[in-house]
Amino acid sequence: MALAYTLGLRALSLVGVLFVVLLLVVVTLGATGFSDRMLTAIVSEEMRGTRQALAETIKDPERLEETLRERRAELEEFYGLDRPWYTRLPAMVGRVLTLDLGAARNLRSFDGSSRVTDIVLERVPYSIMLVTTSLVITAVIGLWLGAKLATRVGTRSDRLTSYLAAASNALPAWWAGILLILVLSFQLRIFPSGGLYSSPPPEGGLLRFMDLMWHAALPILTLVLVSVGAWTYVVRTMLLNTAQEFHVTAARARGLPEGQVMRRHILRVAAPPIATNIILALTGSIGGAILTETVFNWPGMGRLYFDAITTADEAVIVALTFLFTLMYITARFVLEVLYVVLDPRVRYTAQ
Amino acid sequence: MRPGEALRVVLRSGSGRLGMGLLAVLVLVSVLVPFFYPLDFGLRFWNNPIAWADNPKAAPPAWTNLLGDTAPRHRVFDAEQPTGTIDAGSARIRQFAFTFSHQTVEPPTFLSVSIGAVTFHERPPILSMTLTRPDGRSATLLQEAVRGLRPDETSPVTRFADEPRRVYLTGDAAALGAAADFLLREFDLRTSGTELQGRLEEVLFSMPTGEGVDSLAPLNGEYTATIRVITYDPRDSVQSVRFVAAGGVYGLMGTDTQGRDLATGLLFGFPVALLIGVLTSVAATILGTFFGILSGFSGGRTDTIIQRVSDVMTNIPLLPILIFLIFVLGQKLWLVMTILVIFGWPGLTIILRSMVLQVRSGQLVEATQALGASRWRIMFRHVFFQMAPFIVAQMIFFTPAAILAEAGLSFLGLGDPSLPTWGQILEQGFRTGAIFIGYWWWILPPGILIVITAMTFVLLALAMEPVLNPRLRERAA
Amino acid sequence: MTELQAARAATAQERGVPMLELRDVAMHFRARGRGFRSTTVRALDGVTLTLDRGETVAIVGESGCGKTTLGRVSLRLLRPTAGQVVFDGEDVTRTPERRLKPFRRRAQGIFQDPFTSLDPYMTIGQIVEEPLVIHGAGAAAARRERVRWALDEVRLRPAEDFVDRFPHLLSGGQRQRVGIARALTLTPDYMLADEPVSMIDASSRAEILALLGELQERHRIGYLYITHDIATARHFAPTAAVMYLGRIVEQGPTRQLISDPLHPYTKGLLNAVPEPDPANRLAERIVLPGEAPSPANVPGGCRFHPRCPAFMAGLCDVVPPPIVRIDPLRSVECHLYGDDDHQRVREAEPPPDDTENTAQDGETV
Amino acid sequence: MNGRATSGEPLLSVRGLRLSYAAERGDVRAVDGVSFDLQAGQTLAIVGESGSGKTSLALALLRLLPRNVALLQGQAILNGVDCLTLSDGDFRDRIRWRQISMVFQGAAESLNPIYKVGHQVREVLTARGGHSRAAADGRAKELLDMVRLPPETFNRYPHELSGGMKQRVAVASALALNPPLILLDEPTSALDVGVQAQIMNLFKRFKANLGVASIFISHDIALASDLADTIGVMYAGRIVEIGSTEDVLRAPSHPYTQKLLAAIPRLRSDAPLEFIPGAPPDLSDPPSGCRFHPRCAFVMERCRSESPPDLPSQSGSAVAACWLLDEGAS
């Protein structure tokens, strides 16, 4: 009961965040005249279709133009272009929520559609694949290495890790990606420099999959490389902090085997604060993914961002901004659930 | 802990010393750069192609020649006074002779001639340029008259005052024709200007070894470029003359595909990066500290509001919002910094609030309040000082985040064009495909500088740790 | 203290008005409970108390009984939910902070923790000088002189050795004396002493208490001595009040309170106090069952009834007990003494208890 | 040096125990040559003020020392085995919790916050006692009942319990493996006087019913006298006086003990309170001779230079390290 309450509160707060972001986006678009432009584009596109359809039936050019003018005025009224932007806020929020943002100016989906929804949604799986794969690899390495280092504080490898972790704070993912391309792709030619498949893509399911993995290797390596240091450090520090807590001494006093002390009294107790740190690190990894996709020409949402900026495609940018926020908030909620499950104290004291 | 003591603790660690050293270099360069750069450097120079026309394009740094490469040096000759003057009746011939030694296999990457402000009264002056080779042969690559008086003009007239008359010989049809003539005259090789397109320097700086223009041997030795300006009135004048035999390498850091001197851009990046980092983190820290202490101390509605706002703000993924806002509102550096500040303070506020709550539940606050101290005195004389080291550490820690955020944004092509940054240089390199062609000098240095700058602050933050956590300092009983 | 203030204080006393008067003071906090419900924490629930210059009253009670809250209210660090705080006949209950300065000058506090109640970033000199700075008392030189005087008063001698040192270099007892000096610089009339010796080693406690006693004699300070240790109260305060869950359950001369406790809670409390007497060894003490409930969950009727050995069903759990005045100096709040003729029920000694931990064992969360 | 004349081998015999910590300003000699005997079923109280080394003594016996230990020497023979020379593994398997268990000062911190308390008590039984899960559950419930906690406590988390209840859980856990000796390190100092008395009652009961011996470490000599058969008074890393509770309380020999007793405010006596001027010494640079001499009212020339040996007091069983006793005898 209390658990559901706590989680409900978190969910509510995160929905609030989403709403604030939506409002920020829509108000900015409205106040700067961007929404006018986007709606005008939608109207124009509909008019193109209408003109074609009407041209079949109305042969008199003057009457055709007249009808089209009327139709256009109707549409403009429908979309609220005849009214000030703030009266359209709710409608605009709805549009962003459903990604109903009309057609992209230049960008097309893989099969040629220019609908923003099509373009954006088909990229989502590629982004998720990249981020989750690298996250899992990072987590495994970070937990293993961090636990190992926690048992040998002050040794050279421990100090080295601290420095590397600090260094990874200063190493942007995109720059690391560029370095990897320069060395592993341009110089040594071990990995492809970008893209999803070789061209032409190999036939056969397994070969195709292998080819995909081969292309994903560098971006994943990049993402792992830039975050694994920080993970290791966080895990190590949290374990050390926990190890200093008195109940650990008390567990040792009871003569419990060292392995059990580590597992049950250190690792398990440190899990919630580690989860917290990971929640906090999530913002950074989203940013890292956007830029890494750009560097490796990986056809996910991040690369799409880059292309949309290059071609000044505002509708796509709005859709992506919203989608990224949505994904982030979802991921965050999943972690919050994990945190609450891990820590009985939170479960019972609602705060 | 007193500031002096804190500094000593920081300097005791290796990372602290390294960080301080790097910081000193950063600050020194950043302070010096504004003395030597105009403030509108970005618009007037960096993003103005004309300013870089006479530089070689995509040339690696000059010092790569030491590694065994044999690219010609970049040569620029400027003169305001002629090296010789010949009077021939009413005409006066100003000669500007520039001699240079050519010792590499590769010819210059291009040749250009520029003439600045020419003033004349009656007849328009005539400009010419002749290249004399070590074998004594010479070719006149340029011969043209300055445009005469138009009906609406009155004498004297000054031409090329705003912008010099620049002839890019490498792509100049007349020069190519002249080169073809030269080959026919001297070596009996029959070609045409169009055939020589893009090969002007190659044929001028070599000896034919067989039939045709495809078998050439480099001709090393002294070359002289002579630029002549013939005027017809004693009052006529020419302000300056420039000849460029462009090299294959350039300067300390090489050039990009527009011929921009990367060293210049990278140097300018120092104060900009420091400005972004320091200003943003200072502002965010001040806001965060103020709201954090206020929130923790005042409680009630103020606290709730600040808490809610911070919670929402820290839950918003920064980069997508930053991209969106900069895209919509315009690529302005101050805007980037403002957004970073707006999204940067809540993190600190949340941490400080919980620290304040801890301090507040301690008896210092109670005791001071009982003395009759005002809330502000308690908050900023007592509570603030307790947290000052932590706040400073947070500020240092936030600095690279701001620098990296701006770099990432620039890398996506949303940099402020009026202020070149390292991120923008990298972005232009990336967009031009520099990594796939191997223009490493364009890609590596800006990235390394970003990393080093960020690293400086990370190292300092690392060295601050013992200041914050006395347990690390002294492992006594 | 200005002459005007002194005159006013004097006249107030002549009028027969006590220096500090807490009239039926209540302090309720709202706390977030489980879910959307919020609970009311009744830290103080109707406390009346007076204190005169040169007098010491001890407030004795266990943690969570509201004694610290009472101290804070008496210094107007908290504004009570109900009731009045009257100082020298002037009601300061609702006085806004900015007009409270004259009161703050005359009412000071010494706090429990000598380690966290001093600003670690200030020198001893700065700490002791701070009240003078806040109240704009005197020029710099005069303030320095005053600081030296205060340090000398608390026997941190020679004062010069201490002014430039930081608190972390001092022992607990020395720090506590710095705290006393800080409170003393403005020569207050009233001083709250909130557990001033509980964090100090046993061998030095008497020294601090003796010092406080001396200062009282010299400067006619009235102390409200808050403590969990009824034994120190006997030695330091002639009068004591025992608190339980936000109310004073018994009040009177400390010695009488100890030799002849009336309230079952006071008896239980006294039974639990260890004495250095080998005869006690292995004899189990008669103790009150369970632990005091949280002030967020105060039982109805008499708030002590769930733990009371003399519990009378149908009365104690329903009717709040009256405050019974036994003699001009003593009062107790208990149904046992509520008879018309104020018959004192001395026979109601509780039986040895062996079910101390069952039923309502402290459900505090 | 044992206050009581008892027959038979002592349960625990500590000889010349020394323990120092490395610190920046030099080694801190927390325990500096402590010897005592403890008979089975008896309680020894170690009484001293903060920094006297009493907790270090307990931690040394259970070998729970921080990293910065610079020196640990002496003997601690428990049932014929020297605990200090056993290998870490042997000590853990044979001594810890089986022979010596401990109730810590901060009971709240000694419990793992994320496991139910029943599971924490059970853990010792399954990991160390060889119990099956079901048998351990049963025994854990039995233990909780022994410390008078209601059965539902088994499924509670530590943060749901009050301080007194947490301390009871800690006591239950200490009793789990039926050790002959329990170290009680200020087990009630964080509790209110009423709850303190409840816990003390519990100890008294176990002492009488289970025959378990204990070392009761406390700053409160009055509290110690409630349980202890023997009292050892510690000052600056040394035991300055040790003897039966009766002797030490009725006729203290060492000036420090005398002052300490005189400083306790009595509930039913008006004797003026005394105090000891000055502060305890810095153990990284202790005073020469008798460590108490800078604060002692009876200081003699000899006290400044020569460290006093343990001398028998006039009152029978007690011994005290004070030159005054030498004067009196000669």
Side-chain angles (χ1 to χ4, degrees), chain A residues 13-14 16-21 24-25 28-29 32 34 162-163 165-176 178-179 181-182 185-187 193-194 244 280 282-284 286-288 290-291 294-295 301-302 305-306 308-310 312 314 317-318 320-325 327-329 332, chain B residues 14-15 308-309 311-330 343 347 397 400-401 403-405 407-409 411-414 423 426-427 429-431 434-438 440 443-444 446-448 450-459 461-462 465 471:
Chain A
S13 144
L14 288 174
V17 171
L18 194 65
F19 184 72
V20 167
V21 170
L24 177 74
V25 166
T28 314
L29 287 175
T32 49
F34 265 75
S162 305
Y163 278 98
S168 78
N169 268 321
L171 186 69
W174 44 281
W175 168 237
I178 285 175
L179 279 186
I181 291 179
L182 266 180
S185 175
F186 181 76
Q187 283 293 330
S193 65
Q244 281 172 0
L280 292 178
L282 211 61
T283 347
I286 288 255
I290 293 177
L291 291 154
T294 303
V295 171
M301 294 157 64
Y305 238 140
F306 181 73
I309 291 166
T310 311
E314 52 254 22
I317 288 181
V318 172
L320 283 174
T321 305
F322 169 67
L323 261 189
F324 266 115
T325 311
M327 272 175 64
Y328 171 77
I329 282 174
R332 191 153 177 152
Chain B
S15 61
R308 284 284 147 270
V309 171
D311 189 40
V312 167
M313 300 284 270
T314 46
N315 270 306
I316 295 176
L318 178 59
L319 195 63
I321 291 295
L322 196 58
I323 290 171
F324 169 79
L325 287 177
I326 293 304
F327 178 78
V328 172
L329 298 177
F343 284 88
F397 202 75
I403 293 173
L404 292 179
L409 202 63
F411 184 73
L412 287 173
L414 290 171
L426 243 172
E427 182 256 339
F430 178 73
R431 223 175 258 271
I435 32 172
F436 309 113
I437 318 169
W440 52 266
I443 294 291
L444 287 181
I448 290 173
I450 292 171
V451 171
I452 287 181
T453 308
M455 197 66 188
T456 303
F457 293 97
V458 170
L459 285 172
L462 205 65
E465 225 165 75
R471 217 169 17 183

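All chains are named by letter (A, B, ...) in the order of the sequence lines, taking the proteins before the strands, and each is independently numbered beginning at 1.
Side-chain atoms of B:Ile321 and A:Phe324, non-hydrogen and from C-beta on, never get closer than 4.5 Å to each other. Here the side chains of A:Val295 and B:Phe411 are in contact, with some heavy-atom distance below 4.5 Å.
Both the backbone and the side chain of A:Thr294 come within contact range of chain B, with heavy atoms under 4.5 Å apart. With a 4.5 Å cut-off on non-hydrogen atoms, A:Ala173 does not touch chain B at all. For chain A, the nearby part of B:Phe397 is the side chain; its heavy atoms alone come within less than 4.5 Å. The parts of A:Ile178 that come within reach of chain B are both its backbone and its side chain, each placing non-hydrogen atoms under 4.5 angstrom from that chain. For B:Leu414, the part sitting under 4.5 Å from any heavy atom of chain A is the side chain, from C-beta outward, and nothing else. For a residue to count as touching a neighbouring chain, one of its non-hydrogen atoms must lie under 4.5 Å from one of that chain's; by this rule A:Leu14 touches chain B with the side chain only. There is no contact between B:Ile452 and chain A, counting heavy-atom distances below 4.5 Å. Heavy-atom distances place both the backbone and the side chain of B:Ile316 under 4.5 Å from chain A. Proximity to chain A (any heavy atom under 4.5 Å) is shown, for B:Ile443, by both the backbone and the side chain. For B:Ala407, the parts lying near chain A are the backbone and the side chain together; criterion is any non-hydrogen pair under 4.5 Å. Interface remark: A:Leu323 contributes no atoms to any contact with chain B (heavy atom separation under 4.5 Å). Contacts between A:Ile309 and chain B at a heavy-atom distance below 4.5 Å involve backbone atoms as well as side-chain atoms. In this structure, chain A has no heavy atom under 4.5 Å from any part of B:Pro400. Neither the backbone nor the side chain of A:Phe322 comes within less than 4.5 Å of any heavy atom of chain B.
Closest approach of B:Thr314 and A:Arg332 over heavy atoms only: O-NH1, 3.7 Å. Minimum heavy-atom separation, B:Val458 to A:Ala170: CG2-CB, 4.1 Å. Taking both residues in full, the closest heavy atoms of B:Asn315 and A:Tyr328 are given as O-CE2, 2.8 Å, listed atom of the first, atom of the second, then distance. Between A:Ser13 and B:Asp311, the closest heavy-atom pair is OG-OD2, 3.2 Å. Contact between B:Val312 and A:Val17 at its shortest, heavy atoms only, is CA-CG2, 3.8 Å.
The CD1 atom of B:Ile323 lies 8.5 Å from the CG atom of A:Leu320; values are rounded to the nearest 0.5 Å. Within the model, atoms OH of A:Tyr305 and CZ of B:Phe327 stand 10.5 Å from one another, a figure rounded to the nearest 0.5 Å. A distance of 9.0 Å separates CG in B:Leu412 from CH2 in A:Trp174, rounded to the nearest 0.5 Å. Going from atom OG1 of A:Thr321 over to atom CG of B:Leu322 covers 10.5 Å, rounded to the nearest 0.5 Å.
Taking the six-membered ring where the residue is Trp, B:Phe430 and A:Phe306 present perpendicular rings, their angle passing 60° and hence far from 30°.
Each of B:Gly408, B:Ala401, B:Ala405, B:Gly347 has some count of heavy-atom pairs under 4.5 Å with chain A, and the biggest count is that of B:Gly408. Ranking B:Ile450, B:Ile437, B:Thr453 against chain A, the residue ahead of the rest is B:Ile437, based on heavy-atom pairs under 4.5 Å.
When the shell of 6.0 Å around CZ of B:Phe436 is examined, it contains more than 12 heavy atoms from other residues, nucleotides or ligands.
Applying the side-chain contact (heavy atoms from CB on, under 4.5 Å) test to B:Val451 and every residue at least two apart in sequence or in another chain returns A:Leu171, A:Pro172, A:Trp175. A:Thr28 is linked by a side-chain contact (heavy atoms from CB on, under 4.5 Å) to A:Leu24, B:Phe324, B:Leu325, B:Val328, B:Leu329, counting only residues two or more places apart in sequence or in another chain.
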